[in-house]
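Sharing a structure here in structure tokens format.
Every value quoted in this text rests on a predicted model; they were computed, and no experiment measured them.
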Amino acid sequence: MLHPSYHDLMKTVNSEVESGEAPIVNSRYSIVLATAKRARQLIDGVEPLAETKCPKPLSIAIDELNESKIHILSEEEAAELEAKKAQEAAEKAAMAEEVISFSEED
């Protein structure tokens, strides 16, 4: 048996949702996807946010989720975050282009 259980993890993730709103996580599948994605980040070298007895990335990801150190975004929040990142990247590219333009004129 997993400790914490899927049910406990779903409660933890959905605890930040106000009453009347749709829960962020509706199934165990969502928990599995979120923890797998976080475990992949840990494997790629991202520093863990939680102390754990087990050094395995998936166990660390589950502990982080259970301790509310990481959050699962709703589809709308994820879309907003992606749009914001794209806008920042476009602004950065425009700034780099302006710097190059000024340099060429000299």
I72 and L65, any side-chain heavy atoms less than 4.5 Å apart: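 Contact flag for L65/I72 side chains = yes.
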Short question: side chain of E64, backbone of K69 - any donor-acceptor pair under 3.5 Å?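 Pair absent, no side-chain N/O of E64 close to backbone of K69.
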Set out, in order, the CA-CA distance, both residues' side-chain angles and the distance that settles side chain to side chain contact (heavy atoms under 4.5 Å, CB included) for T12 and S68, then state yes or no. CA-CA 7 Å; T12 301; S68 297; 3.4 Å; yes
Tell me whether L49 shares a hydrophobic cluster with L9, the cluster being built from Ile, Leu, Val, Met, Phe, Trp, Tyr side chains joined at under 4.5 Å.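 Yes.
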Could you check if a side-chain atom of P4 sits within less than 4.5 angstrom of a side-chain atom of I62, using non-hydrogen atoms only?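 They are in contact (side-chain heavy atoms under 4.5 Å apart), so the answer is yes.
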Quick check: is I70 connected to V32 through a chain of hydrophobic side chains (ILVMFWY, heavy atoms under 4.5 Å apart)?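 Cluster IDs for V32 and I70 match.
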Quick one: CD on E91 to CD on Q87, what's the gap to the nearest 0.5 Å?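 Nearest 0.5 Å value for the CD-CD distance: 4.5 Å.
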Same cluster for I60 and I43 if Ile/Leu/Val/Met/Phe/Trp/Tyr side chains link at under 4.5 Å?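 As far as the 4.5 Å side-chain criterion goes, I43 and I60 are not connected within one cluster.
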Return yes when atom CD of E88 has more than 12 non-hydrogen atoms of other residues, nucleotides or ligands closer than 6.0 Å, and no otherwise.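 Above 12, so yes.
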With rounding to the nearest 0.5 Å, note down the distance linking OG in S30 to CE in M10.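 Answer rounded to 0.5 Å: 7.5 Å.
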From NE2 (H71) to CD (E77), nearest 0.5 Å: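 It is 10.0 Å, given to the nearest 0.5 Å.
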On a heavy-atom basis, which atom in A50 and which in E67 lie closest, and how many Å separate them?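 Nearest heavy atoms, A50 then E67: CB-OE1, 3.4 Å.
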Which pair of non-hydrogen atoms, one from A61 and one from T35, has the smallest distance, and what is that distance?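 Heavy-atom minimum between the residues: CB-O, 3.5 Å.
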Can R38 and V46 be said to form a side chain to side chain contact (heavy atoms under 4.5 Å, CB included), step by step? CA-CA 9 Å; R38 179 60 180 160; V46 175; 3.5 Å; yes
